[in-house]
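Notes follow once the structure below has been shown.
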Amino acid sequence: MKVLKFGGTSVGSAQRMQHVADIISDNEKKIVVLSAMSGTTNSLLQAVDYLRVGNLTGAADVVNLLERKYEKETAELYLTSSMQESVWEKLKTYFFEIRSLLLESYSNQIEKRIVSYGELISTLMFTSYLQEQNVDAVLMPALSFMRLNADGEPDMALTQQLLHEQLGQYGEHRIVITQGFICLNAEGKIDNLKRGGSDYSASIIGALSDAEEIQIWTDIDGMHNNDPRFVDGTQPVPQLSFEEAAELAYFGAKILHPTCILPAKMKSIPVRLLNTLDPTAPGTLISNDYKKGKIEAVAAKDGIAVVRIQSDRMLLAYGFLSRVFSVFEQHKTAIDLIATSEVAVSMSIDNLSRIGDIVEDLRKLGTVSFETGLSIISVVGDLRSDNLGFEAQVIDALKDIPVRMISYGGSDHNISLLVSTDDKVRALRALSKAIF
Ligand code: ADP
Ligand code: ASP
Ligand code: MG
């Protein structure tokens, strides 16, 4: 069995949904994971932003506009007026619920409940469409199996148990449809896997159901060798190893959720990135195989800060690093890149929510400075030491761009550099020109 995930653009209109139905129309059994229609999650979050600042008219306008959009899409999607009316009635209930939530005062929980409607709506519409077409399809609610643990991470053991129960109930159907992104947390409340999280849902479901393949269908023909939003002439990469794909996703290739490769990698389940707009394009195959000695792609991640601490003693004393790291651990902040000299350590972080406390605690250990507004540029491929010259190629490409920090050697697949976000696009273009 395969798990197929279709992103927001792929289900972005009635016509696109019909096209997805064609793509999945072979006779194979599959689990289909859907995102919200493109723009919906953003609109729901915009309504929540209005709620947060007490602008209820603003929130109502956003919801009204969204409701009109869905009225139009449901009118287009179905053949029979009975199905159209029945789906529209259910959607009207959803919109009633969204409006009721917007009457409460803002809380994180209200936000999560409101934002969950995007996936609830798209999966209801799509399942009903397939059923109207007499396809053997059923909706398996993600909220009845996808669970987070107390740390806010997927609870794999519990999710596996619940997923198997659900598949026992729904798995006889040829197509099992479920929501990406949404889940329940350890308190049993509605939560989600963070923006772009439907990819993560698909790979968790694929790994826990021992799928033969996980397919991520989106609006581009696979992982490109550089960010197509900033660089012209980028090309799809036919094949990547799990490690290469995981590093690209983690370091900013928006086509994949940052951690979605890990579950697939754990079970060695191949992940294929495919294009809904061009279904016969080969896309990218992510597996244990890789091309030897090749730089495959470049990605960038914004919103990075670097924290530097200089030891007050001449040399980094025994135990100094462990005391520094324990400060980050205490504040639940992951360090991405790290560079050390004999007297100082620089560390990059992407979660700036505790930076004030971190700096304060680090000041007890040495002299601290920090800088924000940075981007990590990652060059990813098979960079093992028997392949000479990759570092030189990368550094040479960036000779006109100030580089704040370089991290190399931490893995066999990655050279990462820290630049000012103002220089990011220039750096990406220079790397494409020099390498590809
Ligand atoms: P979906 O809604 O299907 O999840 P996303 O918008 O999350 O789609 O991801 C697809 C987008 O990722 C592409 O349209 C492209 O602009 C962007 N992207 C960024 N980096 C890359 C890359 N290296 N290769 C392909 N797409 C990329
Ligand atoms: N709908 C969610 C988002 O826009 C999840 C996803 O699309 O993967 O972030
Ligand atoms: Mg996405």
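Counting starts at 1 for both ligands and their atoms, in listed order. Remember, predicted model here, so these are calculated numbers, not experimental data.
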Parallel, tilted or perpendicular: which describes the rings of F95 and W88, with under 30° parallel and over 60° perpendicular?
tilted
Taking the six-membered ring for Trp, are Y129 and Y78 parallel (under 30°), tilted (30 to 60°) or perpendicular (over 60°)?
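Correct class here is tilted.
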What are the two closest heavy atoms between L34 and E119, and how far apart are they?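 Minimum heavy-atom separation between L34 and E119: O-CG, 3.6 Å.
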Give every pair formed by an N or O atom of ligand 1 and a protein N or O atom closer than 3.5 Å, one pair per line with both atom names and the distance to 0.1 Å, or write none.
{"unit_1": "ligand 1", "atom_1": "2 (O)", "unit_2": "G8", "atom_2": "N", "d": "3.2"}
{"unit_1": "ligand 1", "atom_1": "3 (O)", "unit_2": "T218", "atom_2": "OG1", "d": "2.7"}
{"unit_1": "ligand 1", "atom_1": "4 (O)", "unit_2": "K5", "atom_2": "NZ", "d": "3.0"}
{"unit_1": "ligand 1", "atom_1": "6 (O)", "unit_2": "K254", "atom_2": "NZ", "d": "2.7"}
{"unit_1": "ligand 1", "atom_1": "8 (O)", "unit_2": "T218", "atom_2": "OG1", "d": "3.1"}
{"unit_1": "ligand 1", "atom_1": "12 (O)", "unit_2": "I255", "atom_2": "N", "d": "3.4"}
{"unit_1": "ligand 1", "atom_1": "14 (O)", "unit_2": "D219", "atom_2": "OD1", "d": "2.8"}
{"unit_1": "ligand 1", "atom_1": "14 (O)", "unit_2": "D219", "atom_2": "OD2", "d": "3.3"}
{"unit_1": "ligand 1", "atom_1": "23 (N)", "unit_2": "H224", "atom_2": "O", "d": "3.2"}
{"unit_1": "ligand 1", "atom_1": "24 (N)", "unit_2": "H224", "atom_2": "N", "d": "2.8"}

I'd like to know if E296 pairs up with K291 as an ion pair, taking the criterion as any Lys NZ or Arg NE/NH1/NH2 lying under 4.0 Å from an Asp or Glu carboxylate oxygen.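 A salt bridge is absent here (no side-chain N lies under 4.0 Å from a carboxylate O).
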| Should K112 and D191 count as an ion pair when the cut-off is N to O under 4.0 Å? |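 Here K112 pairs with D191 in a salt bridge, since their nearest N and O are under 4.0 Å apart.
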Just list the side-chain donor-acceptor pairs under 3.5 Å for residues 350-358, sequence neighbours left out, or say none.
{"unit_1": "D350", "atom_1": "OD2", "unit_2": "K301", "atom_2": "NZ", "d": "2.9"}
{"unit_1": "N351", "atom_1": "OD1", "unit_2": "S353", "atom_2": "N", "d": "3.0"}
{"unit_1": "N351", "atom_1": "OD1", "unit_2": "S353", "atom_2": "OG", "d": "2.7"}
{"unit_1": "R354", "atom_1": "NH2", "unit_2": "H331", "atom_2": "ND1", "d": "3.1"}

* To do: Any pair with a residue in residues 13-27 that passes side-chain hydrogen bond (donor to acceptor under 3.5 Å, both in side chains), sequence neighbours left out, goes on the list, sorted by first then second residue, please.
  =>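 Non-adjacent pairs meeting side-chain hydrogen bond (donor to acceptor under 3.5 Å, both in side chains): D26-K30.
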**Study point:** CZ (R147) with more than 12 external heavy atoms under 6.0 Å
**Key:**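 Result for CZ/R147: enclosed.
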**Message:** Working to the nearest 0.5 angstrom, can you tell me the gap between K254 NZ and I220 CD1?
**Reply:**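 The CD1 atom of I220 is 10.5 Å from NZ of K254, to the nearest 0.5 Å.
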Pairs under 3.5 Å, N/O atoms on ligand 2 and on the protein: can you put them in a table with the distances?
{"unit_1": "ligand 2", "atom_1": "1 (N)", "unit_2": "T41", "atom_2": "OG1", "d": "2.8"}
{"unit_1": "ligand 2", "atom_1": "1 (N)", "unit_2": "E119", "atom_2": "OE2", "d": "2.6"}
{"unit_1": "ligand 2", "atom_1": "4 (O)", "unit_2": "T41", "atom_2": "OG1", "d": "3.3"}
{"unit_1": "ligand 2", "atom_1": "4 (O)", "unit_2": "R195", "atom_2": "NH2", "d": "3.0"}
{"unit_1": "ligand 2", "atom_1": "7 (O)", "unit_2": "S35", "atom_2": "OG", "d": "3.2"}
{"unit_1": "ligand 2", "atom_1": "8 (O)", "unit_2": "G196", "atom_2": "O", "d": "3.4"}
{"unit_1": "ligand 2", "atom_1": "8 (O)", "unit_2": "G197", "atom_2": "N", "d": "3.4"}
{"unit_1": "ligand 2", "atom_1": "8 (O)", "unit_2": "S198", "atom_2": "N", "d": "3.0"}
{"unit_1": "ligand 2", "atom_1": "8 (O)", "unit_2": "S198", "atom_2": "OG", "d": "3.1"}
{"unit_1": "ligand 2", "atom_1": "9 (O)", "unit_2": "R195", "atom_2": "NE", "d": "2.7"}
{"unit_1": "ligand 2", "atom_1": "9 (O)", "unit_2": "G196", "atom_2": "N", "d": "2.8"}

